[in-house]
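One structure is given here, and the rest of the page talks about it.
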There are 2 protein chains.
Amino acid sequence: MPQPPDPNIFQKHNHRSCRSSGMKEARAFCKAQGLRLTPVRARVLEILLESHKALGAYDILARLKEDNLGSQPPVVYRALEFLVGNGFAHKLERLNAFAACCQPDAAHEPMFLICQNCRKVAETPLQPIGREIDRAAADLGFAVVSRMVEVTGTCPTCQAGT
Amino acid sequence: MPQPPDPNIFQKHNHRSCRSSGMKEARAFCKAQGLRLTPVRARVLEILLESHKALGAYDILARLKEDNLGSQPPVVYRALEFLVGNGFAHKLERLNAFAACCQPDAAHEPMFLICQNCRKVAETPLQPIGREIDRAAADLGFAVVSRMVEVTGTCPTCQAGT
DNA sequence: GCCTGTGTTGTTATAACATTACATTACCTA
DNA sequence: TAGGTAATGTAATGTTATAACAACACAGGC
């Protein structure tokens, strides 16, 4: 079973292109699915893609205001709901924050690696660990609906910076 | 390596004794460690043990008020900080809520099974899954500090209740 | 063209979760 | 029993998130 290429955002990469390709993929996906990537939604996704970092809803809202795209909390929460619901972004429960998804495709189920120092967030496939989790749950008679794995620690860059 | 017995709170059990033994263990542990299980802290732990459920800080606070033990948020948050810090309770990040720990011992590292229907929370050992998580993180050069696994779904009782 | 339904956005208000800061009290111990 | 440390009381505020409803935008049928 071929895994998709696993973009390690902790490695040096051409961020400008990674960001614009993220937007391009999103637009294509929305067109294909009949989803509307409106200006607010597109801008929120762009803001998230710009940093690879976990951003709070109110941080995002502040940037939207600068662009005169909505100024009240529901604006950003609705956009985030759309992005998360369609796989373009994820919520990081530990931080009450949001990050863009690196591989917006419905099927993937990631675990998250959150750098405590710089707040950068990487995704890596949860499988096959997810199946182990399901097995452990089944041992207690628990029927799994969704799994959340969030790991905190230090990213390679911040380790090097000592 | 003998695992500790894994109390499955989803199974029928003598809850009154499970609750009082929880308090007894906590008192013994505090005595041994020179920790002060003050009235507020003890009552918060008791409230958590009473339900096996995830309770929000303000739910707990409401019950404290009934007992005339503090009425302002810092009271409950300080008690929770003590309980979580010393392994008597856990925070469930997904719910912004708290639950009593079933095996208050420093070494254990649990994953959580949260019933979406009744909010009951069970713990089960994270190992050996934790080591798999560490390996996946190491593949990206990430140094793990802490792991969080929270699974939502349906507990056996709620499955049966259809 | 224009009506109508559905989806999106604007706006106000408020709910829910959490912390800061400082005053006061309790407890230990020397 | 004086003095230090830990815990609690209290007011104020900060942060995260949603409810409710009005206004607008766009697509499809007439």
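Letters A, B, ... are given to chains in the order of the sequence lines, protein chains preceding strands, and every chain is numbered from 1. Keep in mind that the numbers below use all heavy atoms, side chains included, and drop hydrogens, waters and symmetry copies.
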For A:His13, check side chain to side chain contact (heavy atoms under 4.5 Å, CB included) against everything at least two apart and list the hits.
A:Ile9, A:His15, A:Cys18, A:His52
All pairs passing side chain to side chain donor-acceptor pair (under 3.5 Å) where residues 132-145 of chain A contributes a residue, at least two apart
A:Glu132-A:Arg135, A:Asp134-A:Arg147
Can you give me the first and the last nucleotide of DNA chain C (5' to 3') that has an atom within less than 4.0 angstrom of a non-hydrogen atom in chain B?
C:dC17 to C:dC27
Check each residue of residues 47-73 of chain A for a non-hydrogen atom within less than 4.0 Å of any atom in DNA chain D, then write out the ones that pass by number, or none.
A:Tyr58, A:Pro73
Measure CZ/B:Arg78 against C1'/D:dT5 and give the value in whole Å, please.
15 Å
Under the salt bridge (Lys or Arg N to Asp or Glu O under 4.0 Å) rule, what pairs show up with a residue in residues 19-36 of chain B, not counting sequence neighbours?
B:Arg19-B:Glu50
Grab the CG-C1' distance between B:Asn86 and D:dA6 for me, whole Å please.
14 Å
Applying side chain to side chain contact (heavy atoms under 4.5 Å, CB included) to B:Arg94 and not counting sequence neighbours gives A:Glu93, A:Ser146, A:Met148, B:Glu150, B:Thr152
Five pairs at each end of the helix from C:dG1-D:dC30 to C:dA30-D:dT1: take the axis at both ends and give me the angle between them to 10°.
20°
Kindly state each residue pair satisfying ring-ring contact (aromatic ring centres under 6.0 Å, His included) with at least one member in residues 123-148 of chain A, sequence neighbours excluded.
A:Phe142-B:Phe10
For B:Ala99, side chain to side chain contact (heavy atoms under 4.5 Å, CB included) partners two or more places apart
B:Leu92, B:Val121
Could you list the residues that satisfy side chain to side chain contact (heavy atoms under 4.5 Å, CB included) with B:Val84, not counting sequence neighbours?
B:Ala89, B:Phe98
Heavy-atom nearest nucleotide on DNA chain D for B:Val75 versus A:Arg36: which residue maps closer to 5'?
B:Val75
What pairs meet the side chain to side chain donor-acceptor pair (under 3.5 Å) rule with one or both residues in residues 62-81 of chain A, with sequence neighbours excluded?
A:Arg43-A:Asp67
Write down the distance between CG (A:Leu37) and P (D:dA25), rounded to a whole number of angstrom.
19 Å
Any side-chain heavy-atom pair from A:Val76 and A:Tyr58 closer than 4.5 angstrom?
no
For residues A:Pro73 and A:Leu61, determine if any side-chain heavy atom of one lies less than 4.5 Å from a side-chain heavy atom of the other.
yes
